[in-house]
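FYI, side chains are in, hydrogens and waters are out, and symmetry mates aren't considered; it's all heavy atoms of this structure. Nothing here was measured: the structure is a model prediction, and the numbers come from that model. Order of the sequence lines sets the chain letters (A, B, ...), proteins ahead of strands, with each chain counted from 1.
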There are 2 protein chains.
Amino acid sequence: MEDDSHSRDRIQSIERGVEVLRAFDGRNSALSVAAIAKTVGFSRPVVRRILLTFAHLGYAESANGLWNLTPRILELSVGYFGAASLPEVSYPFMSDVVERTGETCSVGTLDRGEVLHVARLEDRRPLPHSVRVGTRLPAHATATGKVLLAHLSTEALEEFLSSSPFDVHTPHTITTAAAMRERLASIREQGYDISQEELNPGMIAAAVAIIHDGVAIGGISVSSTTVRESENAMRDTIVPVLQEAADRIAAQYRYANPHLSGGRHH
Amino acid sequence: MEDDSHSRDRIQSIERGVEVLRAFDGRNSALSVAAIAKTVGFSRPVVRRILLTFAHLGYAESANGLWNLTPRILELSVGYFGAASLPEVSYPFMSDVVERTGETCSVGTLDRGEVLHVARLEDRRPLPHSVRVGTRLPAHATATGKVLLAHLSTEALEEFLSSSPFDVHTPHTITTAAAMRERLASIREQGYDISQEELNPGMIAAAVAIIHDGVAIGGISVSSTTVRESENAMRDTIVPVLQEAADRIAAQYRYANPHLSGGRHH
DNA sequence: GCTAAATGTACGCATAGCGTCCTCATAATC
DNA sequence: GATTATGAGGACGCTATGCGTACATTTAGC
């Protein structure tokens, strides 16, 4: 009751600044100060000061009363995009997947019970539900999420199964822990998952885990619509391509991160 | 003398927080509190509080005294990655370029006299100088930079030519405003630029501007090494591919941003 | 031309966040 | 293996920082 609000060594202004950045969710192109204030729940002068700060840093700009983030905001992610980071290593192989399948390819990791998309490569035809880099989707209703859950340790999986309420998105969404356990078992056996209309109607996806040193560091998937791809086509033609890409990404990742392999340093 | 340091409506803590994030430059994988404090010039407790704040938000984590950014930091860029943003629109066509040329392709915009890389797609063979998304390079010594400079308004160009000191990176770097004017004129005539060893020895790049509504909203380039590609090969085989991609990106950008075309709103 | 809603700005107060200081743990040096 | 040096973690009092209320001003809308 004392540690969650502000624990003396946590900086309020930074948390507020981040909340303002998150108010730009990518859907609304430009936001007014008042709209942001309403979203995040701070007073307007506070939001204004935060925006002016970001503007001074070059991360935001205002055009006649409406605010936008500038491309320079990408700078904040550079620290994660190391030479050996998962997206950095994955992109070349994802390119291969897009070329061979003609569909959109994504790479994601498990983050707080959700799939965080760290890399994405679209085919020329855009999909109805566009999932941009940085966005999260519920793990229990996505193919990538389930292949990652399938490789979790027993304790971590139990925690997920007990803590997460399984939101229902479509009639095909897996809703019970029992059904999820069953599905995860078959994923472990087959090595892939196909999710048909579990999150969005009309959408289908296949995913394979990227295994490095025995742990699933991410999942690679292909998403499409049910009119373009059937479950059989996914299994027969796309899963092998994904499997090959996952293996090559893992190998390249191992090569790029030699210090992670085997035991600790020296 | 009063407006630059802290102007009463700018939040110091946020600026400090951003500086700490930038201390993670992608080269050093993990940093200690003391190392960051030395880099940014704040006291250690301040850096520690900032890191704890980001850790609480899920953007940073510490492993036995060393700190890292987590993939979730990508969330902060989501606000820029709109459906109609330049990288979002470009990636599919960049994929095409990589496929047809077998080389690394990048898209960048002009930002404060530097080229800010907003999208990048590598071929499988990594390049010696890896330029990640979010990083900036000097405009005067890169192909993308020069095609963007070539489309600047007269005033903006004059300001750039007078303000920027042209750092010398190699013997081939353009160092004088006169030489730059000459080069820009030929770029306007030919529609592309090829930069051979102007920034890094052994590297060569070709770039073409992405023109939307008469203004250059970005540049697309292919980078390689001088052993793999000659200037002639660049001009004859790669520039046409880039030109086609640039045109298609511009067209798609126009389609994705209908409100930007023609006159202002209403 | 009047209401309404949103922006920019000012300013005094409270507190958030700063730095100094101390303790403890972990390495490096001889 | 004793000794120094370097860094992490934490406590605490003071002050500058950044908060919100309040007012002035602009822009849009019926």
**Q.** Listed nucleotide nearest any side-chain atom of B/Ser32, set D/dA8, D/dA22, C/dG8
**A.** D/dA8
**Q.** Carboxylate-amine/guanidinium proximity below 4.0 Å for A/Asp111 and B/Arg72
**A.** yes
**Q.** Residue A/Arg48, side-chain heavy atoms: nucleotide from D/dG7, D/dG20, C/dG8 that is nearest
**A.** C/dG8
Q: Rounded to the nearest angstrom, tell me the gap between atom CH2 in A/Trp67 and atom P in C/dA6.
A: 17 Å
Q: Give the rounded distance in Å between these two atoms: CD of A/Gln12 and C1' of D/dC19.
A: 8 Å
Q.
Of the options D/dT17, D/dC19, C/dG19, whose atoms approach the side-chain atoms of A/Ser13 most closely?
A. D/dC19
Q: Would you mind pulling out the nucleotide paired to C/dG1, Watson-Crick or G-U wobble, both distances under 3.5 Å?
A: none
Q | Gap separating the CD1 atom of A/Ile249 from the CD1 atom of A/Ile211, nearest 0.5 angstrom | A | 12.0 Å
Q) Looking at the side chain of B/Ala34, which of C/dT9, C/dG19, D/dA8 is the nearest nucleotide? A) D/dA8
Q | Nucleotide nearest B/Arg16 (side chain, heavy atoms from C-beta), chosen from D/dG10, C/dC18, D/dC19 | A | C/dC18
Q) Taking CG from A/Leu51 and P from C/dA6, how many angstroms apart are they, rounded to a whole number? A) 16 Å
**Q.** Passing option when B/His117 is tested against B/Val133, B/Leu137, B/Thr109 for side-chain contact (heavy atoms from CB on, under 4.5 Å)
**A.** B/Leu137
Q. Of the candidate nucleotides C/dG19, D/dG7, D/dG18, which contains the atom at the shortest distance from the side chain of B/Ile11?
A. D/dG18
Q) Under 4.0 Å between a side-chain N or O of A/Arg44 and OP1 or OP2 of C/dT9? A) no
Q.
I need the CZ-C1' distance between B/Phe42 and C/dT20, as an integer number of Å.
A. 18 Å
(Q) Need the pair for D/dC30. Rule: Watson-Crick or G-U wobble, both distances under 3.5 Å, any strand; none if unpaired. (A) none
Q.
Tell me the interatomic distance from A/Glu15, atom CD, to D/dG18, atom P, rounded to whole angstroms.
A. 15 Å
**Q.** Euclidean distance, atom CD1 of residue B/Ile36 to atom P of D/dG9 [Å, nearest integer]
**A.** 12 Å
**Q.** Flag, side chain of A/Ser162 to backbone of A/Glu158, donor-acceptor distance under 3.5 Å
**A.** yes
Q.
Whole angstroms only, please: what is the CD1-P distance between B/Ile50 and C/dA16?
A. 17 Å
Q. What heavy-atom pair brings A/Thr104 and A/Arg120 nearest, and what distance separates the two atoms?
A. CG2-NE, 4.1 Å
Q: Mind calculating the distance between CG (B/Leu52) and C1' (D/dG10) to the nearest angstrom?
A: 11 Å
Q: Please tell me which of B/Ser43 and A/Ala35 maps to the more 5' nucleotide of DNA chain C, matching each residue to the nucleotide holding its nearest heavy atom.
A: A/Ala35
Q. Should A/Arg49 be listed as having a side-chain N or O under 4.0 Å from OP1 or OP2 of D/dC19?
A. yes
